[in-house]
Protein chains: 2
Amino acid sequence: MLSKKTQYAFHALTYLAENYSKGPVLISEISQERQISLKFLENILLELKKSGILGSKKGKGGGYYLIKPADEVHLAKVIRVLDGPIALLPCVSLNYYEKCENCTEEICGLNRVMTEVRDSTLKVLENKTLKDILRSR
Amino acid sequence: MLSKKTQYAFHALTYLAENYSKGPVLISEISQERQISLKFLENILLELKKSGILGSKKGKGGGYYLIKPADEVHLAKVIRVLDGPIALLPCVSLNYYEKCENCTEEICGLNRVMTEVRDSTLKVLENKTLKDILRSR
DNA sequence: TAAATACCCTATAAAAATGGTAGGGAATAC
DNA sequence: GTATTCCCTACCATTTTTATAGGGTATTTA
């Protein structure tokens, strides 16, 4: 399951996408509109910024904004930034790979099946973008 | 990611499948062969029994055994028993559905996409069985 | 250049989930 | 009736999750 953090991230990002033309948006505005605890949201937006999804501007008239248009922000990327691996096992993760103990990948049947699961999940998440989850369509 | 519990369950179940002809197998034997803490494994096997995947026999000559042949035990079922929902959001879970707060499903874009993810994941996990993850093939 | 604005960063903490342990109870075989 | 083996409940330590607090730093504007 996706963490609250990731779910909040999606809510915040769609809000930013829907208000793209307004320029930088205040954390407090997103917090109020999407009912997310202000300080928690602050951390989330910071992580999204560090990962290159958002930009920010300080001082009056500042706030957060999408660096790329909504249809270039892939859902898989957002999940990876906040929740980490999408795969069901570390040994089949593309971005967070870790070797299994007590299990040789070549002969491990679970490894084979979970690779299949990963690929079919990514086929969706890497081809869907923020644009696909906007409210106003 | 799958919990250790679920991963151990798969290891135990494949061991039982590979020794299907032997009849009931001791917890302690599975524990040793697959390097799983005895008491932790005990809990796992009990859950698998309660959910109808395993049968058990007490007293001398007792142990745990698969109720159905390996190719009738679907991976999705095992995951659901030990880890709960397979879906990425409660509001798209088939077996553990919960309504979202602050979000109407009809207009929620995330709901639509995560339903797609769920379906593509289940397409794999509901069609693969223990037989597909055995070591000896 | 001072004051207001708004993001930046670190630390802390409560609550929940995870991973594992303990010990006696109940059924079965001999 | 005794040894065997699963059954069941409770407990515990650690980690992760979900926040909260509070000051720091950069920017704008007057």
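Hydrogens, waters and symmetry mates play no part in the numbers below; they use all other heavy atoms, side chains included. Just so we're on the same page: letters track the sequence lines, and every chain starts at 1.
Each of A/G61 and A/F40 was assigned the nucleotide of DNA chain D with the nearest heavy atom; the assignment lying further toward the 5' end belongs to A/F40. Ranked by how close their nearest DNA chain C nucleotide is to the 5' end, A/N43 and A/G59 are led by A/G59. Annotation: of the two residues near DNA chain C, B/K58 and A/G62, the 5′-most nearest-nucleotide partner is A/G62.
If you take NZ of A/K49 and P of C/dA6, they are 16 Å apart, rounded to a whole angstrom. Atom CG in A/L46 sits about 15 Å away from atom C1' in C/dA11, given to the nearest Å. Taking atom NZ on A/K4 and atom P on C/dA15, their separation rounds to 16 Å, with Å as the unit. Taking atom NZ of residue A/K60 and atom C1' of nucleotide C/dA4, one finds them 8 Å apart after rounding to whole Å. The distance from atom CD of A/E29 to atom P of C/dT5 is 16 Å, rounded to the nearest whole Å. In this structure, B/E47 places its CD atom 12 Å from P of C/dG19, rounding to the nearest Å. Atom CG of A/L54 and atom P of C/dA6 are 18 Å apart (whole Å). Rounded to a whole Å, the CG atom of A/L41 is 12 Å from the C1' atom of C/dC7.
The side chain of A/K50 has C/dC9 as its nearest neighbour among C/dC8, C/dC9, C/dA22.
Across every non-hydrogen atom of A/A12 and A/L45, the tightest pair is CB-CD2, 4.1 Å. The two atoms that bring A/D83 and A/L2 nearest to each other are OD2-CA, 3.4 Å, heavy atoms only.
In this model, the phosphate group of C/dA17 is not approached by any side-chain N or O of B/S3 to a distance below 4.0 Å at OP1 or OP2. In this model, the phosphate group of C/dA6 is not approached by any side-chain N or O of A/S28 to a distance below 4.0 Å at OP1 or OP2. For B/Y8, a side-chain nitrogen or oxygen approaches OP1 or OP2 of C/dG20 to under 4.0 Å.
A salt bridge does not link B/K50 to B/E47: none of the charged nitrogens lies less than 4.0 Å from a carboxylate oxygen.
On a pure distance criterion of 3.5 Å, no polar donor-acceptor pair joins the side chain of A/E42 and the base of C/dC7.
Across all strands, A/L38 comes closer than 4.0 Å to no nucleic acid atom at all (heavy-atom distances). Counting any heavy atom pair closer than 4.0 Å across all strands shown, B/L45 reaches no nucleic acid atom. Within the 4.0 angstrom heavy-atom criterion, base atoms lie near B/K39.
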Please set out all donor-acceptor pairs under 3.5 angstrom arising from side-chain atoms of residues 67-77 of chain B, sequence neighbours excluded.
{"residue": "B/H74", "atom": "ND1", "partner": "B/E126", "partner atom": "O", "Å": "2.9"}
{"residue": "B/K77", "atom": "NZ", "partner": "B/S51", "partner atom": "O", "Å": "3.3"}

Exercise for review: Applying salt bridge (Lys or Arg N to Asp or Glu O under 4.0 Å), run through B/K123 and B/E116 and close with a yes or a no.
Suggested key: CA-CA 11 Å; B/K123 197 168 181 177; B/E116 235 181 281; over 6 Å; no
Review point. Would B/E29 and B/K22 satisfy salt bridge (Lys or Arg N to Asp or Glu O under 4.0 Å), going step by step from the backbone distance to the final call?
Key: CA-CA 12 Å; B/E29 180 181 336; B/K22 284 172 59 177; 2.7 Å; yes
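Along DNA chain D, the stretch of nucleotides lying under 4.0 Å from any heavy atom of chain A spans, 5' to 3', D/dT18 to D/dT28.
There is a path of hydrophobic side-chain contacts, each under 4.5 Å, that joins B/V81 to B/L41. One hydrophobic cluster holds both A/V78 and A/Y20 under the rule that ILVMFWY side chains link at heavy-atom gaps under 4.5 Å.
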